Every structure is written in structure tokens, then in C-alpha cells.
Number of protein chains: 2
Amino acid sequence: MSVRKDSARNRARLVEAAREVFAERGFGATLDDIARHAGLGTGTAYRHFPNKQALAAEVLAGATEQIVVDARHALTVADPWLALVTFFEANAERQARDRGLYEALTGRGDDETQARIWPEIIVAVTDLFDRAHTAGVVRADATPQDIAAIFALLGPAFTMSRELSADLWRRYLALLLDGLRAVDRPPLPAAAPAAADLPTILKSGKT
Amino acid sequence: MSVRKDSARNRARLVEAAREVFAERGFGATLDDIARHAGLGTGTAYRHFPNKQALAAEVLAGATEQIVVDARHALTVADPWLALVTFFEANAERQARDRGLYEALTGRGDDETQARIWPEIIVAVTDLFDRAHTAGVVRADATPQDIAAIFALLGPAFTMSRELSADLWRRYLALLLDGLRAVDRPPLPAAAPAAADLPTILKSGKT
DNA sequence: CTCAGGCGGAGACAAGATCTCCGCTTTAGA
DNA sequence: TCTAAAGCGGAGATCTTGTCTCCGCCTGAG
């Protein structure tokens, strides 16, 4: 007897449901939540995956791969500054859309995923950064570690974006990049949040 | 019979212990933790304060007042840009040193404290911002709401500072302010974190 | 000296998450 | 069609973690 048809279908549904739920609510979501979102019982979820981490690992595998692809792609951009910005925007956009991804890249996933993906990102980013640095388009006292710090700082911006305006994070990414840049300064993208949005902005600090 | 001496002393000890524990670990700390830190039993803590919020309110009252004082003080600085920076630095320094304060100002305290303190801060900040804006030292497309957003973004920087180097947050505040500024650009303060610090930097996203 | 009131801390209680158990249903294959 | 192996559902057992109470013992005010 081969794999049951319903079993295979349910496994696929669980992975898809997990993708959606983790993206929307982060890893705080329970496996029970995911099962319900998939229209299945919790027992079914636990038959297919021993625990939440196993399911998260499956969902993240694809997403994190894609980031390395983004970094490699940015390396093909000729202008050093534009190459750096290209990477930031591609990566930030993924994180803004997927809360689980942000949590995985910064602290809250399993350490294993973080340990696997970051070294690859670092290699690509250091390369991008060095080129921009040599070309003199990045301030002289900045370092590649600042890149990671900028991603950490963007977390609250992603939270704001989710609640206010989908591309608000671009405004703060631009502000940070303008601070990082040696020269020039384009206008900020995305409209500023309204005064009435203040409570929401202030709630963005942590989860 | 008047207030017992030991009772008054224990109440003071609890407030002092709460100040220290909240500053160090944030409001996630339990009242039991605070009691133990004060060298007292949990029952004693609950006799003096009905719950954690009441104790937190007592501790925060002083701290939040101080922020308004900082804002008023910054308004006395003649140079518009320096006035804005003065406020940012004074306020950020308090938050960097007191995790509970950061949590209270951004989402996680009681909403009541946040509702009480922010309007006053907004008034002072809007004033500071308008002066800088009129003087042309702040980029034309920035708004006072961006000030709040910058504070939200600084959260992860405070976390990093706590774990790496006490004044690392100054580096990222400067980066953000340089992005906010219309002209000039001083070198970044504080040394860049080392490559080996990356895991710590990455954990700063949320609590 | 005495007793009202404070003290300590074990543990009752609550909330929330993880994961199991088992009676019922579905599917594959004869 | 029949059957048994496998999957399904979801109530609830279990664990964890934090809040707060209870009550026997102790201390200080008068």
C-alpha cells in the first residue's frame, strides 16, 4: 500500500496553512492554530510533524534560500550603491511581508536556521559593502556589522507597516540608508503616518 | 498605633527593588522576582501593592516626569538642530538604561501611563521639530511623527547596548539623525560591534 | 506584656500551550 | 464489495509559568 491520497493532501495543506499563519502572526502561533486554519484536527498536525519546529523548518527552508538568491542577484548590479540598496530592499520586503521570516532571521526561530542562513548572507553582504566602501559611496566609519544592526532596527518598522501602510518600512529604510550614505539624498518614499497613527507607531517596539 | 517601622521600610525596599528589576529585565519580571530581590516574601509584596501594575505605576511616575523635564530643557537650547539632538540623546539615554521605561513608552506598560505621558512629549517635540524644520536643518519631508517612529526603531539598539556596549545605541541614533538632517555629517560615535557580536546583534529584534 | 498587624512562602488557581489517546472514518488492495 | 491498515478529529491530560491567597508564626507599638 502506497501513501494515502488524503494523507498527502493534508500534509500539503498543513504546510500551506503554516506558511500563511507564520507569515501573518509569527512563530507565536500554535500548531493547533495552524491545524484549524488548514481545516484539520490537531492530531493530524502532530502525525505529520513531531512539533512546531519541524513544520517551521520546512516552511522556512524555501524562504531563507530565497534571501541568498537575492544577495547573489544584488552582486550583479553594477553601481555599488544601487547594489547595496537593491539587496536591502529585496530582503526587507520579504521580511515586511513575512513576520515569521523576520523572527527567524533575528532571534526567535530555532538557532539552527539562523546559524545556517546568516553566514551565507554575510558573505554576500560583506562583498556588497566592500565594493560600496571602496567606491566611497558609503560613509567611511560604517562596517558590515552595521548592516545586520540596520536589519534589527527595521523590526519595529515592519510591525508598523503591517498595521498602518504596507510600504511604510521603506520610509525608515531610506532614512537609515541616507544616514549610511556618503553623499546625496533623495526624498523619502511613502507618505508619513498621520498624527492619529501615533498609538500604533508606539506599539511597534516589541511583539 | 501609627505605621509600623518595619512596614514602611519594606515598602521602600520593594519600590527600590522594583526600580532595579524593571530597569534591568523589563515588565516581564514577576512580582515574586521583585520580592525576592528585595529580600522579602511574596505575601509582603502583595500586601503593599495589589498587583504588579500598581507597583510599576509608582516606579514609572518619577521616570516619566523626568522625560517631560528633558523635553522642556531641550527647548531652551538656542541652536535648533542641537536642541533636537539634545532631546533625543537625553530621552534615549534614559531608555537605554531602563528597559521598563522603554516598554512603558512603547507598547508594553499599561496603556494608561502611555496615554498620560505622550501628549506632553508630543507638544514639546513638535515645538522642537518645527523650529528645526523652519531653520531648514531637518530634511523637508520629515514630520514630527517620524520622531516617534525613530524611538520605536531604537528599541533593538537599546537591547544591543545592554548586551554589547553601553553606548552602542548612540551609533544608531546618530545614523538615524544623520538621515534626518538636511546637511553635514559628523563621524559615528561608539566603536562598531565586532564580527563575533553578530549573533547578539541579531537577537535584538524583539524581547 | 500583649495582641493587632505584618511577615513568609507553600501552594491554590488560572491561562495557555504542547502533545496524546482512542473511537470513528476513509482508503487501498484483494 | 469487503476488510483491515492507516489516517482523522478533537477532547482533554499534562506541563509551564505567572498571579495571588491563606494561615501559622513573629514583631513592634503602646
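Keep in mind that what you see is a predicted model, and the values were worked out from it rather than measured. Letters go in sequence order (proteins before strands), and every chain restarts at 1.
- The side chain to side chain contact (heavy atoms under 4.5 Å, CB included) test with A:Leu31 is passed by exactly one of A:Leu14, A:Leu55, A:Thr42: A:Leu55.
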Item to check | Derivation and outcome, side chain to side chain contact (heavy atoms under 4.5 Å, CB included), residues B:Tyr172 and A:Asp146 | outcome: CA-CA 9 Å; B:Tyr172 297 108; A:Asp146 289 328; 2.5 Å; yes
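- Counting to the nearest Å, the C1' atom of D:dG9 and the CG atom of A:Leu31 are 14 Å from each other.
- Outside the 6.0 Å centre-distance limit, the rings of B:Tyr102 and B:Phe151 are not counted as a close aromatic pair.
- Of the candidate nucleotides D:dT19, D:dT27, C:dT18, D:dT19 has the atom lying nearest to any side-chain atom of B:Asp32.
- Taken residue by residue, residues 40-52 of chain A places heavy atoms nearer than 4.0 Å to DNA chain D at A:Leu40, A:Gly41, A:Thr42, A:Gly43, A:Thr44, A:Arg47, A:His48.
- Residues from residues 5-20 of chain B that place a heavy atom under 4.0 Å from any atom of DNA chain C, listed by number: B:Asp6, B:Ser7, B:Asn10.
- Residue pairs meeting the salt bridge (Lys or Arg N to Asp or Glu O under 4.0 Å) criterion with at least one partner in residues 18-28 of chain B, sequence neighbours excluded, are B:Glu16-B:Arg19, B:Arg25-B:Asp33.
- Atom pair A:Arg4:CZ and C:dT27:C1' shows a separation of 5 Å (rounding to whole Å applied).
- Taking atom CZ of residue B:Arg36 and atom C1' of nucleotide D:dT17, one finds them 13 Å apart after rounding to whole Å.
- With sequence neighbours excluded, the residues forming a salt bridge (charged side-chain N to carboxylate O under 4.0 Å, His left out) with B:Asp70 are B:Arg94, listed by chain and number.
- We find that CG of A:Leu55 is positioned 14 Å from C1' of C:dT18, with the value rounded to whole Å.
- Contacts classified as salt bridge (Lys or Arg N to Asp or Glu O under 4.0 Å) and involving residues 47-56 of chain B (residues at least two apart or in different chains) are not found.
- Rounded to whole angstrom, the span from the CG atom of A:Asp33 across to the P atom of C:dC19 amounts to 14 Å.
- Take A:His37 and apply the ring-ring contact (aromatic ring centres under 6.0 Å, His included) test, not counting sequence neighbours, and it matches no residue.
- B:Leu84 has its side chain out of reach of B:Leu177: every pair of non-hydrogen atoms, C-beta onward, lies at least 4.5 Å apart.
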